[in-house]
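Atoms within each ligand, like the ligands themselves, are counted from 1 in listed order.
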Amino acid sequence: MSLAAKPPVTEEEIDAFRAGVRGEVILPTDEGYDEARTVWNATIDRHPALVVRCAGTSDVISAVAFAKERDLPISVKGGGHNIAGRAVEDDALMIDLSPMRSVRVDPDARTARVEPGVVLSELDHETQAFGLATPVGYNSTTGVAGLTLGGGFGWLSRRYGMTVDNLVSADVVTAAGELVHASETENEDLFWGLRGGGGNFGIVTSFEFQLHEVGPTVLSGPIVHPFEDAASVLSEYREFAADAPEDAAVWFVIRHAPPLPFIPEEWHGRKVLILAAFYAGEMSEGEEVLRPLREIGDPIADAVGPHPYAGWQQAFDGLAPAGARNYWKSHNFVEFTDGMIETFVEYGERIPSEGTEIACAQLGGAINDVPVDATAYPHRDARFTMNLHTQWEDPGQDEACIAWARDMHEAMTPHATGGVYANFVPEAVGDQQAAYRENYDRLVEVKNAWDPENLFRLNHNVEPSR
Ligand SMILES: Cc1cc2nc3c(=O)[nH]c(=O)nc-3n(C[C@H](O)[C@H](O)[C@H](O)COP(=O)(O)OP(=O)(O)OC[C@H]3O[C@@H](n4cnc5c(N)ncnc54)[C@H](O)[C@@H]3O)c2cc1C
């Protein structure tokens with residue numbers, strides 16, 4: 001038997017490789033192949049030559065060596081949530097890290113060591129046992145690995161910065177097939193690049209994070225308004241957001257109301273504007289801070305109250321299920337202009353499917369206190385990030401949904417910074433300058449030093465210059 005790779009990989013070579021790894025090697029003819037190649041976004045349907053489900057760092061080193069020997073492109077899978085589906089590629093060797101799922105918390109040092117297959121809910125579960133957390137995203141099945149390497153933000157970021165601002169060190173398998181440690185004092189250039197430069201420089205087999213006291217109960221919840229009131233609610237939201245302390249983060253979403261118990265039944269399926277509010281600090285302080293937000297307009301529902309932090313981190317999972325078709329477009333903003341509000345409303349009127357959301361997260365705060373050149377993640381000016389979560393089921397709707405997202409994105413361009421979060425870019429190639437901005441040239445230097453042959457290119461790629 002031979003595989004689709006060039007030169008062909010023989011059965012004997014596969015057997016020898018399989019014998020040398022602790023995890024599983026899955027071929028197209030094996031049971032489980034389709035499950036192994038499936039990622040979150042259903043528009044991605046690619047067929048790797050083989051999948052290696054790594055049990056540990058040794059397997060990662062073996063897989064890198066095998067791919068180099070056999071001249072197979074390498075794709076790397078953490079949580080498989082990347083919108084462009086970079087974890088899987090036709091005819092490539094897919095290094096699947098999802099079996100590597102341990103989290104070791106040191107409550108005294110307030111750090112956690114995290115393997116690269118861990119998803120956000122697992123990290124939160126382990127750290128919250130000690131009333132600790134680090135900022136990660138709002139959807140709990142997202143992989144810690146890809147999220148961190150692109151930058152990472154969530155409800156705690158206005159208070160404690162991006163996920164990368166809380167990365168203390170990492171273990172990395174390099175293109176040379178060696179395991180190195182990267183931190184502020186060791187392989188500093190690599191450590192800089194890992195904090196926002198994606199999977200360009202090697203395969204991270206362990207992340208060490210700084211943790212903070214959070215919860216375990218936090219003030220949080222959604223406030224639901226009729227879409228008809230969106231313009232006036234958003235202009236009052238803008239006033240609130242301008243003066244909000246770093247402990248407060250309020251995001252908003254325009255979408256069809258999901259059938260959730262706190263939303264009156266007659267509103268299910270109708271268009272709404274949801275303000276999602278979170279306060280990282282003391283509950284009583286949060287009540288005061290969020291009061292003016294809760295007094296805006298005439299809401300249909302207000303479910304702000306004390307909630308377990310780990311539960312709040314999963315509250316929106318049902319709105320972004322694995323296996324739907326998805327296309328995203330994103331912009332960052334410094335100002336929240338009248339023109340933006342008009343555009344939110346205009347395109348909110350024409351949302352193309354039941355699952356689609358116009359989502360906007362409030363950034364700023366501690367994220368913006370970090371100098372642009374301190375980490376590879378460059379968007380330190382952004383105070384808001386819009387992500388058009390265009391989501392649908394029927395492939396026949398592909399064209400209409402993608403066109404809506406592109407049109408709205410274009411309409412928002414005059415208001416935006418021109419930068420885009422690398423983890424929100426839907427195309428496999430493109431937007432490199434927008435994603436890495438003023439840090440691009442330095443990323444090329446790091447790439448030249450650590451991966452001059454561009455072995456790790458199935459990511460938001462930084463091409464080496466020599
Ligand atoms: C529903 C949903 C909600 C989201 N919400 C947020 C949010 O709130 N905040 C936020 O910041 N982002 C958010 N994201 C974006 C998310 O950060 C990216 O999709 C990210 O790429 C997911 O990482 P992953 O490990 O799941 O993805 P994967 O597809 O497995 O990997 C993504 C990229 O990282 C590379 N990679 C993965 N693991 C490693 C590793 N160990 N070493 C080297 N390279 C590696 C892969 O090759 C690939 O290029 C969200 C995504 C989804 C789908």
Side-chain angles (χ1 to χ4, degrees), residues 38-42 44 46 54 57 60 64 73-89 92 94-98 100 114-120 123 135-157 162-164 170-175 182 190 193-194 196-207 249 251 276 278 313-314 316-324 326-328 330 355 357 359 361 363 367 377 379 382 385 387 389 391 421-426 428 450-451 455-462:
T38 299
V39 291
W40 178 81
N41 182 358
I44 309 296
R46 301 189 186 130
C54 297
T57 299
V60 176
V64 168
I74 291 174
S75 76
V76 182
K77 182 183 173 196
H81 267 218
N82 179 249
I83 187 70
R86 296 311 262 157
V88 59
E89 187 59 70
M94 179 180 186
I95 299 184
D96 179 359
L97 303 166
S98 58
M100 296 173 66
V114 181
E115 282 197 312
V118 169
V119 300
L120 307 190
L123 174 60
V136 288
Y138 86 102
N139 177 278
S140 83
T141 58
T142 305
V144 170
L147 176 130
T148 302
L149 294 168
F153 72 87
W155 297 107
L156 293 172
S157 291
M162 300 290 294
T163 310
V164 286
D171 292 344
V172 187
V173 174
T174 66
L190 175 61
L194 291 175
N200 270 287
F201 313 109
I203 302 178
V204 177
T205 55
S206 176
F207 296 86
W251 302 6
F278 173 84
Q313 283 282 91
Q314 302 177 23
F316 300 93
D317 284 6
L319 303 183
N326 282 274
Y327 184 80
W328 289 358
S330 177
E357 304 177 335
L363 302 179
I367 300 170
Y377 175 83
H379 309 289
T385 189
N387 202 1
H389 298 153
Q391 185 203 109
Y421 179 29
N423 275 348
F424 288 170
V425 178
W450 290 93
D451 185 18
L455 184 68
F456 303 116
R457 60 183 176 276
L458 297 176
N459 44 46
H460 206 60
N461 196 222
V462 174

Report, in ascending order of atom number, the atoms of ligand 1 lying under 4.0 Å from any heavy atom of Gly202.
-> 42 (N), 43 (C)

Hey, does the side chain of Asp451 reach the backbone of Ala175 with a donor-acceptor pair shorter than 3.5 angstrom?
-> no

Under 4.0 Å to a heavy atom of Arg86 - the qualifying atoms of ligand 1, by number | 48 (C), 49 (O)

Does Leu458 come within less than 4.0 Å of ligand 1, judged by its heavy atoms?
-> yes

Would you mind checking which non-hydrogen protein atom is closest to atom 39 (C) of ligand 1, with the distance to 0.1 Å?
-> Val76 CG1, 3.6 Å

Whether Ala84 lies under 4.0 Å from ligand 1, heavy atom | no

The closest protein heavy-atom partner of atom 37 (C) of ligand 1 is Gly78 N, 3.8 Å

Please lay out, stage by stage, how Leu120 and Thr141 fare under the test side chain to side chain contact (heavy atoms under 4.5 Å, CB included).
-> CA-CA 6 Å; Leu120 307 190; Thr141 58; over 6 Å; no

Got a second to check how far Asp171's CG is from Thr57's OG1, nearest 0.5 Å?
-> 6.5 Å

What residue and heavy atom of the protein are closest to atom 10 (C) of ligand 1, and at what distance?
-> Leu147 CD1, 3.4 Å

Polar contact flag for Lys77 and ligand 1 (N/O pairs, less than 3.5 Å) = no

Return a yes/no value for Pro116: is any of its N or O atoms, backbone included, closer than 3.5 angstrom to an N or O of ligand 1?
-> no

Return a yes/no value for Asn423: is any of its N or O atoms, backbone included, closer than 3.5 angstrom to an N or O of ligand 1?
-> yes

Kindly confirm or rule out an N or O of Phe153 lying under 3.5 angstrom from an N or O of ligand 1.
-> yes

Does an N or O anywhere in Ile203 fall below 3.5 Å from an N or O of ligand 1?
-> no

Considering heavy atoms of the protein only, find what lies nearest to atom 16 (C) of ligand 1 and give residue, atom and distance to 0.1 Å.
-> Thr142 CG2, 3.9 Å

Where the closest heavy atom to atom 13 (C) of ligand 1 is concerned, which of Phe456, Trp328, Tyr377, Phe424 has it?
-> Phe424

Find all atoms of ligand 1 within a distance of less than 4.0 Å from any non-hydrogen atom belonging to Asn459, and give their numbers and elements.
-> 49 (O)

Look only at interatomic distance and state if Gly146 has a nitrogen or oxygen under 3.5 Å from any nitrogen or oxygen of ligand 1.
-> yes

Provide, to 0.1 Å, the distance between atom 42 (N) of ligand 1 and the closest protein heavy atom, together with that atom's residue and name.
-> Val204 N, 3.0 Å

Please determine if His460 has a nitrogen or oxygen closer than 3.5 Å to a nitrogen or oxygen of ligand 1.
-> no

Could you tell me whether Ala87 and ligand 1 have an N or O pair separated by under 3.5 Å?
-> no

Considering only heavy atoms, does Trp40 approach ligand 1 within less than 4.0 Å through its side chain, its backbone, both, or neither?
-> side chain

Leu97: numbered ligand 1 atoms lying under 4.0 Å from its heavy atoms | 40 (C), 41 (N)

Nearest non-hydrogen protein atom, atom 27 (O) of ligand 1 | His81 N, 3.2 Å

Work out whether the distance between some heavy atom of Gly80 and some atom of ligand 1 is less than 4.0 Å.
-> yes

Close-contact set for ligand 1 against Gly199 heavy atoms, below 4.0 Å | 43 (C), 44 (N)

Can you list the ligand 1 atoms lying under 4.0 Å from a non-hydrogen atom of Leu149?
-> 39 (C), 40 (C), 42 (N), 43 (C), 44 (N), 45 (C)

Would you call Phe424 and Ile83 a side-chain contact if the rule is heavy atoms closer than 4.5 Å?
-> no

Polar proximity ligand 1 side, Phe207 side, N/O cut 3.5 Å exclusive = no

Which ligand 1 atoms, with their elements, are less than 4.0 angstrom from a heavy-atom of Gly137?
-> 7 (C), 8 (O), 9 (N)

Would you mind running through ligand 1 and noting each atom that sits below 4.0 Å from a heavy atom of Asn139?
-> 1 (C), 2 (C), 3 (C)

Can an N or O of Ala320 be found at a distance shorter than 3.5 Å from an N or O of ligand 1?
-> no

Where do Ala320 and Asn139 come nearest, in terms of heavy atoms and distance?
-> CB-ND2, 3.7 Å

Protein heavy atom at shortest distance from atom 26 (O) of ligand 1 | Gly143 N, 2.9 Å

Could you check if a side-chain atom of Ile203 sits within less than 4.5 angstrom of a side-chain atom of Leu97, using non-hydrogen atoms only?
-> yes

Please examine the side chains of Trp40 and Asn326, heavy atoms only from C-beta on, and report whether any two atoms are closer than 4.5 Å.
-> yes

Is there a side-chain contact between Val136 and Leu147, using heavy atoms and a 4.5 Å cut-off?
-> yes

Residue and atom name of the nearest protein heavy atom (relative to atom 38 (N) of ligand 1), distance in Å to one decimal = Ala145 CB, 3.3 Å

Could you tell me whether the side chains of Asn461 and Asn200 share a donor-acceptor contact shorter than 3.5 Å?
-> yes

Identified ring pair (Phe, Tyr, Trp, His ring centres under 6.0 Å) counterpart of Phe153 within the set Trp251, Tyr138, Tyr377 = Trp251

